[in-house]
Asker: 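First the structure, which I've put down as structure tokens, then a few questions once you've had a look.
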Amino acid sequence: MNKQTVEIKDKVFLTFTEASQYFGIGEMKLRNMASIERNPSWLLWNGQRALIKRVQLERILLESESI
């Protein structure tokens, strides 16, 4: 049975590790960004697991001058 993999660029939700690789930002920086805001719109909670909404965070990063 072949196991299909989805590339990071095609995923809707990313883990912090995947987002760190995709955006070229440290994982701890992403976690700090998530903890600074009370309820960031680019974060989705699946039980205890936080997932990053790739498109929304991409827009935020494109519009920001510094992180």
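The basis for the numbers below is simple: all heavy atoms, side chains too, and nothing from hydrogens, waters or symmetry mates.
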Asker: Leu44, Phe16: one ILVMFWY side-chain cluster at the under-4.5 Å cut-off?
Answerer: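 They do not share one cluster, since no chain of ILVMFWY contacts under 4.5 Å joins Leu44 to Phe16.
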Asker: Do you know which two heavy atoms are closest between Ala34 and Pro40, and how far apart they sit?
Answerer: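 For Ala34 versus Pro40, the nearest heavy atoms are O-CG, 3.8 Å.
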Asker: Donor-acceptor pairs are to be reported for all side-chain atoms of residues 47-67 against protein atoms at under 3.5 Å, with residues two or more places apart or in another chain.
Answerer:
residue: Lys53; atom: NZ; partner: Ser41; partner atom: O; Å: 3.2
residue: Arg54; atom: NE; partner: Lys11; partner atom: O; Å: 2.7
residue: Glu58; atom: OE1; partner: Tyr22; partner atom: OH; Å: 2.8
residue: Ser64; atom: OG; partner: Ile60; partner atom: O; Å: 3.4
residue: Ser64; atom: OG; partner: Leu61; partner atom: O; Å: 3.0

Asker: Taking the side chain as C-beta and beyond, is there a heavy-atom pair between Phe13 and Leu43 under 4.5 Å?
Answerer: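 Sidechains of Leu43 and Phe13: no contact.
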Asker: Could you note down all residue pairs passing side-chain hydrogen bond (donor to acceptor under 3.5 Å, both in side chains) where residues 30-40 supplies at least one of them, sequence neighbours left out?
Answerer: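 Qualifying pairs: Glu27-Arg31, Glu37-Trp42.
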Asker: Return the set of residues passing side-chain hydrogen bond (donor to acceptor under 3.5 Å, both in side chains) with Gln4 (not counting sequence neighbours), or none when no residue passes.
Answerer: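 By the side-chain hydrogen bond (donor to acceptor under 3.5 Å, both in side chains) rule, Gln4 matches no residue at all.
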